[in-house]
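These numbers come from a predicted model, not from an experiment. Within every chain, numbering begins at 1; the chains are lettered A, B, ... in the order of the sequence lines, protein sequences first and strands thereafter.
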Number of protein chains: 2
Amino acid sequence: MELSNTTQYAIRMLSYIANSHGKLQNAKELSTILTIPYKFLTKILTQLVKSEFIISIRGREGGYKLAKPASEIMVLDILNQFGDIVKENQCILGIGTCDSENKCSLHDQWVIPKEMMIKMFAQTSLENLEGDEFKI
Amino acid sequence: MELSNTTQYAIRMLSYIANSHGKLQNAKELSTILTIPYKFLTKILTQLVKSEFIISIRGREGGYKLAKPASEIMVLDILNQFGDIVKENQCILGIGTCDSENKCSLHDQWVIPKEMMIKMFAQTSLENLEGDEFKI
DNA sequence: TCTTAATACTACCTTTTAGTAGTATTTAAT
DNA sequence: ATTAAATACTACTAAAAGGTAGTATTAAGA
């Protein structure tokens with residue numbers, strides 16, 4: 001019941017980039033600051049560029065910055081991008097899809113916590129994660 | 001953000017065995033009824049025996065049944081047994097452990113959903129999953 | 001124009017999770 | 001005793017996730 005390493009890394013990178021308010025950040029520094037293996041980090045950054053969370057400036061003095069305002073990038077979007085799915089009708093026991101008509105034995109207990117989780121991820125943007133008091 | 005296949009299978013198996021109220025269930029039938037690959041299912045059953053969720057009767061006419069009352073087997077115990085951890089101080093971004101003193105940027109948003117999830121898993125027993133109206 | 005510091009691409013290696021195969025052991029029924 | 005039907009054990013294979021290596025491309029600065 002955890003986010004994948006890739007998703008965790010992606011959120012932390014985006015969060016840090018958001019906190020730089022437009023100043024370009026390069027992969028080498030991000031790797032050092034966030035203690036994420038350089039080569040793995042660049043791989044994820046490239047995915048984030050392709051999925052249009054960030055834009056990259058190539059060449060010397062290049063780096064990365066957000067492609068849109070931090071307030072418009074929701075944590076749920078990041079989860080979806082990296083396959084860490086939390087869907088409304090997802091069955092917690094993996095028996096197809098679940099709803100009130102056709103449910104697994106854990107469905108009723110799972111409804112409320114699931115709703116809260118989804119709501120939280122859907123309503124939280126990178127802007128909400130800004131601040132210097134947090135671990136990075 | 002899902003349970004592992006193994007955990008999902010384990011819950012479904014235990015749930016089905018609980019619903020048999022003491023009647024022995026054998027692996028072959030369980031595999032057919034729950035559509036879980038036979039060899040993988042027996043591997044998990046053996047783990048469930050070792051971790052004392054169920055007891056096995058070997059030999060012809062053998063099978064499996066719960067080792068204790070369904071009301072005493074909590075879903076959280078099953079999750080713990082199979083490494084699908086949901087811990088109080090677990091950091092959702094994977095930066096060590098999180099608490100109100102030392103927190104990641106998602107910590108505050110995560111507190112409530114996490115609590116609800118843990119509480120639900122901790123309070124739900126196999127007895128609560130009984131019933132014939134559910135997918136199996 | 002050459003160098004250097006940056007991102008991008010392709011391919012590979014490692015670890016974990018999921019699943020399979022075959023054989024040994026146990027025990028009730030005949 | 002023998003057979004058949006069940007669990008247990010050991011070892012392997014396959015797929016997915018995590019991570020690494022090397023080279024190509026880009027562009028600012030000397």
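Listed pair B:Thr46 / D:dA8 meets the phosphate criterion, a side-chain N or O lying under 4.0 Å from OP1 or OP2. The shortest distance between the side-chain N/O atoms of B:Asn5 and the OP1/OP2 oxygens of C:dT17 is not below 4.0 Å. OP1 or OP2 of D:dC9 has at least one side-chain nitrogen or oxygen of B:Lys50 nearer than 4.0 Å.
Residue A:Arg58 places its side chain closer to D:dA24 than to any other of D:dG18, D:dT7, D:dA24. Proximity note for A:Thr6 (side chain, C-beta onward) versus D:dG18, C:dA18, C:dA28: the nearest is D:dG18. The side chain of A:Lys39 approaches C:dA8 more closely than any other nucleotide in the set C:dA18, C:dA21, C:dA8. Listed candidates were D:dT20, C:dA6, C:dA8. Nearest to the side chain of A:Lys28 is C:dA6. The side chain of A:Pro37 approaches D:dG19 more closely than any other nucleotide in the set C:dA8, D:dG19, C:dG19. Listed nucleotides: D:dT20, D:dA28, D:dT7. Nearest to the side chain of A:Glu61: D:dA28.
Contact of the B:Leu45 side chain with the B:Ser56 side chain is not registered, since no non-hydrogen atoms from C-beta on lie closer than 4.5 Å.
Remark: the backbone N or O of A:Phe134 is not paired with any side-chain donor or acceptor of B:Lys103 at under 3.5 angstrom. Distance alone, capped at 3.5 Å, places no donor-acceptor pair between the B:Gln25 side chain and the B:Gly63 backbone. Distance alone, capped at 3.5 Å, places no donor-acceptor pair between the B:Ser31 side chain and the B:Ala27 backbone. Under the 3.5 Å distance criterion, the side-chain polar atoms of B:Thr97 are left unmatched by any main-chain donor or acceptor of B:Gln90.
Between the CD1 atom of A:Ile55 and the P atom of C:dA8 there is a distance of 11 Å, given to the nearest Å. What separates CG of B:Asp84 from C1' of C:dT16 is a distance of 13 Å, to the nearest Å. C:dT16 atom P lies 14 Å from atom CD of A:Glu2, rounded to whole Å. Atom CD of A:Gln47 is separated from atom C1' of D:dA17 by 12 Å (rounded to the nearest Å). The separation between B:Lys65 atom NZ and D:dA6 atom P is 17 Å, rounded to whole Å. Distance A:Phe40 CZ to C:dT14 P: 16 Å, rounded to the nearest Å. Rounding to whole angstrom units, OH of residue A:Tyr64 and P of D:dA27 are separated by 14 Å. A straight line from CD1 of B:Ile44 to P of C:dA18 spans 9 Å, rounded to a whole angstrom.
A:Thr42 comes within 4.0 angstrom of nothing in the nucleic acid, heavy atoms only. Base engagement by A:Tyr38 is indicated by at least one non-hydrogen atom pair under 4.0 Å involving a base atom. Among the protein residues, B:Tyr9 comes within range of the sugar-phosphate backbone only, with heavy atoms under 4.0 Å from sugar or phosphate atoms but none that close to a base. Counting any heavy atom pair closer than 4.0 Å across all strands shown, B:Ile57 reaches sugar-phosphate atoms only and no base atom.
The environment of NZ in A:Lys28 is sparse: at most 12 heavy-atom neighbours from other residues, nucleotides or ligands sit within 6.0 Å.
Side-chain atoms of B:Arg60 and base atoms of C:dT27 include no donor and acceptor less than 3.5 Å apart.
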